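This structure is a prediction, so every number in the text was calculated from the model and none was measured.
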Amino acid sequence: KCIKCVFEFFHLFCFSQEKKIIISQSLFSSEEDSSLYFTYSGGCNELEVNNLHYEVDTAAQIPWYERLSEFKLPWEMNGDKQTAIDKLSLRVHSGQMLAIIGSSGCGKTSLLDIITCRDEGGKMTGQVLINGKPNTPQLVKKSIAHVRQDDRLLPHLTVRETLSFVAKLRLPTHFTQAQRDQRVDDVIAELRLRQCAHTRVGNDFVRGVSGGERRRVSIAVQLLWNPGILILDEPTSGLDSFTAHNLVITLSRLARGNRLVLLSVHQPRSDIFQLFDLVVLLSSGSPVYCGAACDMVPYFTALGYPCPRYCNPSDFYG
């Protein structure tokens with residue numbers, strides 16, 4: 001009887017361990033799956049910035065009605081010119097993910113606005129080239145998808161309804177309804193939104209999907225028209241570490257699908273930092289490092305600033 005009890009206990013123990021492995025695989029296989037459902041079918045894209053210098057006039061940022069409230073005419077307001085970006089050069093092509101890191105106010109958002117032709121009231125010198133051509137609003141609209149930091153979505157629509165609505169507005173007119181539905185299904189599968197496809201998007205006042213899923217929906221809206229260049233302004237802001245890591249894994253997978261991914265990140269974790277191909281470290285608008293992410297620590301170590309052991313490089317150098 002004792003031997004029989006031992007065998008039964010051993011069998012139950014093995015069964016419980018096997019069950020734990022199956023559950024853990026089911027929980028994490030959806031995020032660790034590296035399969036690509038929706039790749040970019042166009043040619044290789046290249047983004048190049050040459051000796052970029054950008055100044056912002058503080059007086060131009062003040063609305064005209066505030067000037068009138070101070071009983072001053074617009075031309076009597078003398079503002080100080082502040083350098084947002086100074087002598088920045090970089091080059092990135094399809095298949096790579098470039099991260100712009102640095103402290104708050106270092107010029108990350110200003111750089112993205114210049115690339116996407118959304119800068120206001122600034123003076124720029126230098127060149128921003130997209131596939132060898134200067135960036136213009138028309139060229140940016142055709143080749144670049146810009147995902148802003150704030151999620152501008154309709155809260156009462158479900159995820160599938162949101163994407164179907166955008167597909168009718170954004171996709172070419174020669175697309176049939178079956179082709180639009182197939183594009184929506186591909187984007188939902190690519191961004192791992194199947195489990196919440198029929199859940200309302202929601203907002204601060206309407207209960208809906210989680211913060212990470214809402215950020216994925218914002219990316220899916222821009223991914224519907226299959227852009228070759230994807231630019232994101234702090235996509236991990238407001239997310240917990242686990243959700244932010246999974247989101248960057250998704251962006252890395254999109255880059256492997258023949259896309260160029262450029263994003264700004266504020267002090268990413270070490271495991272997120274290792275996912276980047278290229279890194280641009282900004283400090284007060286000036287580039288401190290621009291190159292491969294794996295070479296940043298050896299670069300500063302050679303200059304006499306080694307990163308301490310068990311320390312996050314983005315936290316130490318940023």
Side-chain angles (χ1 to χ4, degrees), residues 32 34 36 39-40 43-53 85-103 106-112 114-115 126-132 135 144 147 227-236 241 244-318:
E32 295 179 354
S34 60
L36 290 170
T39 58
Y40 178 66
C44 182
N45 291 281
E46 185 180 55
L47 177 64
E48 185 176 358
V49 178
N50 294 323
N51 199 20
L52 180 64
H53 183 83
I85 299 174
D86 186 27
K87 298 179 181 179
L88 174 63
S89 298
L90 61 90
R91 178 181 294 178
V92 58
H93 56 78
S94 297
Q96 292 180 328
M97 180 170 59
L98 184 145
I100 304 170
I101 63 176
S103 59
C106 66
K108 300 189 296 293
T109 303
S110 298
L111 176 59
L112 300 186
I114 292 172
I115 294 175
Q127 285 184 327
V128 178
L129 304 177
I130 301 174
N131 297 327
N135 66 326
I144 295 180
V147 181
I229 302 176
L230 185 63
I231 295 180
L232 307 98
D233 186 9
E234 297 195 11
T236 60
S241 58
H245 182 257
N246 288 335
L247 180 60
V248 177
I249 289 178
T250 300
L251 297 177
S252 177
R253 189 172 60 249
L254 292 176
R256 292 200 305 270
N258 195 27
R259 289 187 181 87
L260 189 157
V261 178
L262 190 149
L263 70 155
S264 61
V265 188
H266 179 68
Q267 290 184 336
R269 296 195 321 172
S270 57
D271 54 352
I272 294 178
F273 182 82
Q274 294 175 0
L275 296 174
F276 301 144
D277 298 315
L278 302 174
V279 169
V280 174
L281 176 61
L282 296 179
S283 177
S284 300
S286 300
V288 180
Y289 175 79
C290 182
C294 58
D295 296 335
M296 191 176 79
V297 175
Y299 171 78
F300 285 107
T301 302
L303 295 178
Y305 299 96
C307 182
R309 193 176 183 182
Y310 306 120
C311 184
N312 185 7
S314 61
D315 289 338
F316 183 75
Y317 296 116

Q) Any sub-3.5 Å donor-acceptor pair from T301's side-chain atoms to V297's backbone N or O? A) yes

Q | Partners meeting side chain to side chain donor-acceptor pair (under 3.5 Å) with N131 (sequence neighbours left out) | A | N45

Q) Only one of T109, I85, L88 clears side chain to side chain contact (heavy atoms under 4.5 Å, CB included) with I114; which? A) I85

Q: Provide the closest heavy-atom pair for P268 versus N312 in the form atom of the first, atom of the second, distance.
A: O-ND2, 2.7 Å

Q: Identify, with sequence neighbours excluded, every residue that meets side-chain contact (heavy atoms from CB on, under 4.5 Å) alongside H266.
A: S104, K108, E234

Q) Do the non-hydrogen side-chain atoms of C290 and L281 ever get within less than 4.5 Å of each other? A) no

(Q) Going by side chain to side chain donor-acceptor pair (under 3.5 Å), name the pairs with one or both residues in residues 91-102, residues two or more places apart or in two chains. (A) E48-R91, H93-Q96

Q. Going by the ring pair (Phe, Tyr, Trp, His ring centres under 6.0 Å) test, which pairs reach into residues 277-307, not counting sequence neighbours?
A. Y289-Y299, F300-Y317

Q) Between CG of L98 and OG of S264, what distance do you get to the nearest 0.5 Å? A) 11.0 Å

Q | Spacing of L247 atom CG and L251 atom CG [to the nearest 0.5 Å] | A | 5.0 Å

Q.
Would you say that P235 contacts V147 through its side chain, given a criterion of any heavy-atom pair below 4.5 Å between the two side chains?
A. no

Q) Looking only at heavy atoms, what is the nearest atom pair of G95 and D277, with distance? A) O-OD2, 3.8 Å

Q: Establish, from distance only, whether the side-chain atoms of T39 and N258 form a donor-acceptor pair under 3.5 Å.
A: no

**Q.** Nearest atoms (heavy-atom pairs only) where L260 meets V92
**A.** CD1-O, 3.3 Å

(Q) Does any part of the side chain of L262, heavy atoms only, come nearer than 4.5 Å to the side chain of L47, both counted from C-beta? (A) yes

Q: Specify the closest pair of heavy atoms between S89 and N51, including all atoms of both residues, with the distance to one decimal.
A: OG-N, 2.8 Å

Q.
Just to verify, what does D295 make a side chain to side chain donor-acceptor pair (under 3.5 Å) with, not counting sequence neighbours?
A. none

Q. Atom NE2 in H245, atom CG in L275: separation rounded to 0.5 Å?
A. 5.0 Å

**Q.** Results of side-chain contact (heavy atoms from CB on, under 4.5 Å) for C311 - residues two or more places apart only
**A.** C307, P308, F316

Q: Would you indicate whether the side-chain heavy atoms of V261 and L232 approach each other to under 4.5 Å?
A: yes

Q.
With a 4.5 Å cut-off on side-chain heavy atoms, are V265 and F273 touching?
A. no

Q. Who pairs with T236 by side chain to side chain donor-acceptor pair (under 3.5 Å), at least two apart in sequence or on another chain?
A. none

Q.
Please find the pair of heavy atoms, one from I115 and one from N135, that lie closest to each other, and give the distance.
A. O-ND2, 3.2 Å

**Q.** Rounded distance (nearest 0.5 Å) linking atom CG of L278 with atom CE of M296
**A.** 12.5 Å

**Q.** Point-to-point distance, once rounded to the nearest 0.5 Å, from CG of L230 to CD1 of I144
**A.** 10.0 Å

Q) Quick one: salt bridge (charged side-chain N to carboxylate O under 4.0 Å, His left out) partners of D271, sequence neighbours excluded? A) R269

Q: Working to the nearest 0.5 Å, report the span between OG of S241 and CD1 of I272.
A: 7.5 Å

Q: Specify the closest pair of heavy atoms between P287 and K87, including all atoms of both residues, with the distance to one decimal.
A: CG-O, 3.4 Å

Q) Going through the distances and angles, do I100 and V279 end up as a side chain to side chain contact (heavy atoms under 4.5 Å, CB included)? A) CA-CA 6 Å; I100 304 170; V279 169; over 6 Å; no

(Q) With a 3.5 Å distance limit and no angle check, can you tell me whether S286 reaches the backbone of L282 through a side-chain donor-acceptor pair? (A) no

Q) Quick one: side-chain contact (heavy atoms from CB on, under 4.5 Å) partners of Q127, sequence neighbours excluded? A) N50, L129

